[in-house]
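Below is one structure, written out as structure tokens; the observations come after it.
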Amino acid sequence: MISKKMEKALNEQIALEGTASFIYLAMAAWCDSEGLEGCTQFMHRQSTEEREHMLRLFEYLSEVDGVAITPAIKQPQRTYKSVQEMFKKVYEHEKKVTASINKLIALASKEGDQTTFNFLQWYVSEQREEENLMRSILDKIKLIGEGPHSLYYIDKEILAVNAAELAAEGENN
Ligand code: FEO
């Protein structure tokens with residue numbers, strides 16, 4: 001049995017993960033409209049991942065006799081000034097998610113809720129990986145710079161990053 005306070009906090013996390021999924025889906029649409037195939041694929045995969053993060057929380061609430069709430073999600077931003085601006089937003093959102101997970105863990109600890117504390121550890125590792133991934137992409141974009149064909153090379157790099165992520169997912173399944 002989960003406390004009402006924890007149930008509410010986990011539902012807020014569901015909303016945050018669902019929002020991330022929709023933000024990344026809207027980013028995929030923008031990348032597609034810009035002809036950025038690698039970035040489109042990357043954002044679609046990220047969006048699916050975030051939906052899975054949301055569903056994991058849904059299932060957990062059901063297991064511990066809580067009630068999961070399907071979030072109302074605002075229309076995400078539809079266009080970006082640049083790929084760099086877009087990835088900066090992704091990185092900022094991931095940092096927000098990490099901070100939120102840390103708060104949930106603090107609450108679980110305060111309540112002596114070992115089950116939720118234990119469940120949330122998966123998200124700690126996931127957030128470390130996500131933040132690291134976004135930082136490395138921003139570093140690559142910076143290294144490529146703003147030359148005449150930079151967008152082409154950035155997109156190629158992101159395509160390669162996406163392929164590596166897919167391969168890693170395959171290994172872990
Ligand atoms: Fe599930 Fe990337 O936050």
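Indexing begins at 1, ligand by ligand and atom by atom, following the structure's order.
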Transitive ILVMFWY side-chain link Ile158 to Leu166, under 4.5 Å: no
Residue pairs, two or more places apart or on separate chains, that pass ring pair (Phe, Tyr, Trp, His ring centres under 6.0 Å) and touch residues 42-69: Phe42-Phe87, His53-Trp122, Tyr60-Phe119
Lys89 charged N/C atom sitting above Tyr91 aromatic ring, 6.0 Å / 45°: no
Thr19 side, atom OG1; His93 side, atom NE2 - distance, nearest 0.5 Å: 6.0 Å
Distance filter under 2.8 Å, centred on atom 1 (Fe) of ligand 1 - protein N, O or S atoms that pass it: Glu17 OE1, Glu50 OE1, His53 ND1
side-chain hydrogen bond (donor to acceptor under 3.5 Å, both in side chains) between Thr98 and Glu131, intermediate numbers included: CA-CA 9 Å; Thr98 303; Glu131 279 195 31; 2.6 Å; yes
Check ion pair Glu7-Lys4 (N to O, under 4.0 angstrom): yes
